[in-house]
Amino acid sequence: MAEGRSTPVPGTPDAVAGTPDGGHDFTTAGGSAGPANATAYDHAALHAPAPQAPAPRRRRRAVLAWSLSVAGVLLLAGLATVLQLTANLGYDQARTGLASAVSTQSDEATHNDRVRAVDDESARAADTLLAVTDPALVSDADRAALTAARDRAQKASAAAMSLSATPVPEPGAKPFWFWELYARTARLDADSRAMRTLGSALGRSSEELGSATSALDKTGVAVANAAGGLAAQIENDNRPSPNAGVLAMRDLAAKLVATTSFDEEVAQGFRDYAASIQKVRDGHAATLAAEAGPLQGARQEIEDFARGLAPGVLLDFEWADRVNDLGGDNGYLSGETVWPTTWGQYATIRLSNSVAEDWPGPSSHALVAHEVGHAITTKCWGMYDTTNSQTVEAWATAWAISMGFTDEGNGTQAYGPPPQELIDKAAACR
């Protein structure tokens with residue numbers, strides 16, 4: 001066998017650069033293992049780099065990644081729970097706040113509606129007074145004051161109505177997810193602020209309504225009181241006038257003078273009062289027209305004379321050629337009196353024109369006094385028997401005599417002289 005270097009087998013480690021001369025390379029030759037071969041293997045192993053252990057390191061990274069993922073999920077879940085709980089609590093608090101704000105606003109709105117109703121009534125009452133064109137009842141100064149107060153009341157009412165028209169928010173159904181709860185909570189808080197602002201505005205509106213109403217009522221009451229106080233002068237300026245209208249005017253005037261408040265009922269009374277005044281004026285004109293003629297002056301003197309005999313007793317007069325078919329061309333002076341038997345307010349005296357023609361003779365004076373003696377019964381009920389015609393005529397005659405009228409026209413000629421006792425009793429009726 002020839003000696004020399006062996007060629008390494010491809011793929012085998014080049015562990016030894018060469019073999020000693022004359023030796024055998026069992027490793028290269030692939031002979032059986034022996035001490036020499038073992039020595040060569042150990043030597044190669046001794047000088048080779050230590051192998052890595054990747055498998056255990058990969059397991060630790062997986063565990064760490066898994067642990068981090070679980071922790072992240074738990075953290076997110078915890079955060080979500082906290083957000084959900086916080087969102088629920090915030091929503092509930094906001095909803096409670098809105099309910100409270102709406103309740104306060106509702107109370108203010110209810111109060112505002114009540115005050116506005118009174119304000120509106122006062123404004124309507126003022127309109128009723130302003131519709132009365134009689135300058136004696138509503139002067140220019142009164143009209144200006146009423147108009148200004150009415151306009152202020154109407155302006156306050158319009159502002160109140162505008163506030164009342166503001167819609168009240170509804171909370172709606174409660175959302176579930178926290179992001180929805182947060183959004184709804186913000187809206188509820190905004191609605192609560194709006195309701196608190198509206199409640200405050202309604203409160204201020206109620207104060208302005210009350211102030212405007214008070215000012216208008218004060219003006220209205222003053223106008224009503226002053227107008228009612230004119231009744232006596234109006235009555236005096238329009239005498240004679242039928243007493244039914246005069247009594248109606250008196251009653252309405254008394255209510256206006258006594259009023260301390262101003263509302264539509266008072267305003268209606270004011271309008272009725274104005275109508276009654278016009279009725280008195282019209283009655284006065286009609287009475288004068290009916291009495292026109294050559295006897296008008298005597299008739300008015302007789303009426304004034306009769307009213308002077310019985311102050312406070314309302315008297316109406318009717319004139320005719322004949323009364324009870326007496327008077328005129330038959331030469332009699334005639335009269336009769338009608339008065340209510342159930343209530344004593346006024347009487348109507350009817351006289352023949354012959355009484356005016358005889359005026360101012362003593363017979364006409366005495367006859368008129370006799371008729372006034374009947375009329376004054378409305379003032380002296382119970383002093384004599386009014387159910388018997390004889391006692392009625394005896395009373396009127398006695399009353400005329402007690403007033404100093406001794407002419408037989410006092411009733412003596414027609415009914416005879418009354419007893420002195422009755423004359424004395426009649427003297428107490430004035």
Side-chain angles (χ1 to χ4, degrees), residues 98 100-169 191-231 251-278:
L98 176 60
S100 176
V102 168
S103 177
T104 300
Q105 180 273 338
S106 178
D107 291 343
E108 291 288 354
T110 299
H111 176 63
N112 187 265
D113 288 342
R114 289 197 298 266
V115 178
R116 181 165 57 85
V118 177
D119 178 271
D120 289 346
E121 182 178 7
S122 294
R124 291 192 298 269
D127 286 336
T128 300
L129 264 62
L130 290 170
V132 175
T133 58
D134 189 342
L137 302 183
V138 184
S139 66
D140 290 342
D142 290 339
R143 191 172 298 279
L146 272 173
T147 300
R150 187 274 317 270
D151 290 349
R152 178 188 173 190
Q154 289 180 332
K155 182 179 179 181
S157 179
M161 288 183 64
S162 177
L163 292 173
S164 298
T166 303
V168 176
D191 289 341
S192 295
R193 290 191 296 271
M195 286 299 98
R196 287 192 292 271
T197 300
L198 178 59
S200 298
L202 285 167
R204 292 190 297 272
S205 172
S206 296
E207 291 178 359
E208 171 58 16
L209 284 168
S211 177
T213 302
S214 178
L216 180 53
D217 288 354
K218 183 177 180 180
T219 303
V221 168
V223 173
N225 292 159
L230 298 173
D251 289 343
L252 292 167
K255 292 178 181 178
L256 292 179
V257 169
T259 190
T260 58
S261 62
F262 186 64
D263 53 27
E264 288 186 286
E265 183 178 355
V266 172
Q268 181 61 49
F270 189 94
R271 184 166 60 184
D272 293 343
Y273 174 61
S276 73
I277 290 175
Q278 189 58 48

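Atoms considered below: every heavy atom in the structure, side chains included; atoms not considered: hydrogens, waters and symmetry mates. Sequence positions, counted from 1, serve as the residue numbers for this chain.
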Qualifying residues under side chain to side chain contact (heavy atoms under 4.5 Å, CB included), relative to A227, sequence neighbours excluded: L137, F270, Y273
Contact summary for A224 and L256, nearest pair of heavy atoms: O-CB, 3.5 Å
Point-to-point distance, once rounded to the nearest 0.5 Å, from CG of D119 to CG of D113: 12.0 Å
Interatomic spacing from CG in D142 to CG in L129 - rounded to 0.5 Å: 9.0 Å
Close side-chain approach of T259 and N225, heavy atoms under 4.5 Å: yes
Test item: L209 and S205 side chains (from C-beta on) under 4.5 Å apart, heavy atoms: yes
Where N112 and S206 come nearest, the two heavy atoms and their spacing: ND2-OG, 3.1 Å
Heavy-atom closest pair, residues A101 and S192: CB-O, 3.8 Å
Where F262 and L216 come nearest, the two heavy atoms and their spacing: CD2-O, 4.1 Å
Residues in salt bridge (Lys or Arg N to Asp or Glu O under 4.0 Å) contact with E265, at least two apart in sequence or another chain: none
D120 with R116: basic N within carboxylate O range, under 4.0 Å: yes
Side-chain (T213) to main-chain (G210) donor-acceptor, under 3.5 angstrom: no
Distance-only polar pair, side chains of S211 and R152, donor-acceptor under 3.5 Å: yes
Donor-acceptor under 3.5 Å (T110 side chain, S106 main chain): yes
Stepwise side-chain contact (heavy atoms from CB on, under 4.5 Å) test for R196 and T104: CA-CA 8 Å; R196 287 192 292 271; T104 300; over 6 Å; no
E108 side chain near Q105 side chain, heavy-atom distance below 4.5 Å: no
Minimum heavy-atom distance between V223 and L146, given as atom pair plus value: CG2-CD1, 4.1 Å
Partners passing salt bridge (Lys or Arg N to Asp or Glu O under 4.0 Å) against R124 (at least two apart in sequence or in another chain): E264
Nearest heavy atoms of T219 and A149, plus distance in Å: OG1-CB, 4.4 Å
